[in-house]
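When a ligand or atom number is given, it counts from 1 through the structure's own listing order.
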Amino acid sequence: MQIESGVSLKPYNTFGLPAVAGTLVRVASDADVRRVVDHPQLGRAPKFVLGGGSNIILTRDMPQVVIKVEVRGMRLVQERADAWIVEAGAGENWHEFVAYTLAQGWPGLENLALIPGTVGAGPVQNIGAYGVELQDRFESLDAVDLVTGRTVTLHADICAFGYRDSVFKQALAGRTVITRVRFKLPKPWQPVLGYLDLERKMLESGIGAPSAQQVYDWVCAIRRAKLPDPKLIGNAGSFFKNPVVTPEQCRDIIGRDPEVVHYPMPDGSIKLAAGWMIDACGWKGKSVGRAGVYDRQALVLVNRGGAIGSEVMLLAGAIQESVYGRFGIRLEPEPLVV
Ligand code: EPU
């Protein structure tokens, strides 16, 4: 365990926002987390768990003890007749883990390629893209309880996964440090190709039965074309969740604009494309101060250089107001705002 004081968090959040952690502790194992829990001062202090910093908007310095998770390791736990069970340390980079599983011949995560952040942050917001969510490949995870210091193994029933949501954002927020995550990659592998962008790639290429590597390449190409690389342009992925509404609400919105992009969900509700609505309000490419709306995907807010958290939130507020004014829908931020 490594304890540091007055640490700049700018390099540790993909939006590149300035903020200082009074105390930052790097943990590389469950035992390290227990040392924090048992520590005479750190033990009692409020804590904040930081993963890859790809889903966070920092608007102020952090008075809490910031725990930076650096647990490493990737391995096959078990090969079963119906699946490969693969485990990764919470501090591993998500995309590198996806690439590793494919290279080892354990496909199943290819639709989730290039999502920024760490493995440990994946279950917190149930990351998802191109028709697959983390919960579809989830086996279990280990987490250390920040009150008792004990390691617990949690399965899907406890994790309460939802759309960009889980128990770690709700009842267990600030209570646990996820240290390892296990995935179940089903055998035989079957591609998930239902998403419109992937269907387009299939048509363009004429490849009807793509390999996992081919799907991975397509997902990477689609993401690179639409989403800014956080190494080059600060951002936190989608800034708002796609709102889920009832069929009645959807009819009202279609009445306001018949072209609104919407998808029926299996439970009868309807998901609206927030990016489309923001775009329809004319926000694409616009800026407020040094924060802006990405010019190729209106759902992504970006740092145009030197932005601070309050500028980003000012821009977010202005977008929320215009979408509400035009469609009667209140957009909810996707990243955690602190
Ligand atoms: N659209 C526009 N203008 C825009 C942006 C989108 O018209 O500026 C339209 C698109 O043409 C499309 C629809 O809106 O018809 C949806 O857009 P897209 O397919 O790009 O997906 P999204 O709903 O904007 C979601 C996730 C992404 C994920 C993609 C692919 C959320 C909040 N976002 O975006 O996740 O990569 O689907 O599955 O659910 C993230 O969470 O950070 C993220 C990037």
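Ligand 1 lies less than 4.0 angstrom from a heavy atom belonging to R223. Under a 4.0 Å heavy-atom criterion, Y294 is not in contact with ligand 1. Residue contact annotation: R164 has a non-hydrogen atom under 4.0 Å from ligand 1.
Side-chain polar atoms of E204 and W218 form no donor-acceptor pair below 3.5 angstrom. Using modelled atom types and a 3.5 Å distance limit, the side chains of D142 and T153 yield a donor-acceptor pair.
Using a cutoff of 4.0 Å between basic side-chain nitrogens and carboxylate oxygens, K241 and D165 are not scored as salt-bridged. A salt bridge links D257 with R326; the closest basic N to acidic carboxylate O contact falls under 4.0 Å. Of the charged side-chain nitrogens involved, at least one lies within less than 4.0 Å of a carboxylate oxygen, so that E87 and R75 count as a salt-bridged pair. Between E70 and K68 there is a salt bridge, with a side-chain nitrogen of the basic residue lying less than 4.0 Å from a carboxylate oxygen of the acidic one. Taking 4.0 Å as the cut-off between side-chain N and carboxylate O, R35 and D32 count as a salt-bridged pair. Taking a cutoff of 4.0 Å between a charged side-chain nitrogen and a carboxylate oxygen, K284 and D279 qualify as a salt bridge.
Every atom of ligand 1 is numbered from 1 in the order shown, and the set under 4.0 Å from a heavy atom of E334 is 40 (C), 41 (O), 42 (O). Against a heavy-atom cut-off of under 4.0 Å, L299 is close to the following atoms of ligand 1: 24 (O), 32 (C). Taking every non-hydrogen atom of F240 and a distance limit under 4.0 Å, the qualifying atoms of ligand 1 come out as 32 (C). Residue contact check: A129 has heavy atoms under 4.0 Å from atoms 36 (O), 38 (O) of ligand 1. The atoms of ligand 1 that sit less than 4.0 Å from any heavy atom of K226 are 18 (P), 19 (O), 20 (O).
For atom 8 (O) of ligand 1, the nearest non-hydrogen atom of the protein is A298 N, 2.8 Å. The protein atom (non-hydrogen) at minimum distance from atom 25 (C) of ligand 1 is N242 ND2, 4.1 Å. Regarding atom 14 (O) of ligand 1, its nearest protein heavy-atom neighbour is A273 CB, 3.4 Å. The protein heavy atom nearest to atom 17 (O) of ligand 1 is Q297 NE2, 4.3 Å. When only non-hydrogen protein atoms are considered, atom 44 (C) of ligand 1 lies nearest to S238 OG, 3.2 Å. Of all protein heavy atoms, the one lying nearest to atom 38 (O) of ligand 1 is Y130 N, 2.7 Å.
R256 forms no cation-pi arrangement with F327, by the criterion of a distance under 6.0 Å to the ring centre and an angle within 45° of the ring axis. By the 6.0 Å and 45° rule, K187 stacks over the aromatic ring of W84. A cation-pi arrangement is absent between K184 and F138 under the rule of less than 6.0 angstrom and at most 45 degrees off the ring axis.
For atom 42 (O) of ligand 1, the nearest protein heavy atom is under 4.0 Å away. Atom 4 (C) of ligand 1 lies below 4.0 Å from at least one non-hydrogen atom of the protein.
Taking any N or O of G237, backbone or side chain, none lies under 3.5 Å from an N or O belonging to ligand 1.
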Go through it in stages, so that I can follow the logic: the residues are Y100 and H95, the test is ring pair (Phe, Tyr, Trp, His ring centres under 6.0 Å), and I'd like the CA-CA distance, side-chain angles, deciding distance and then a yes or no. CA-CA 9 Å; Y100 164 82; H95 177 70; over 10 Å; no
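Nearest residue to atom 31 (C) of ligand 1 from W276, Y195, Y163 is Y163 (criterion: closest heavy atom).
Contacts between Y263 and ligand 1 below 4.0 angstrom, taking non-hydrogen atoms only, involve the side chain exclusively.
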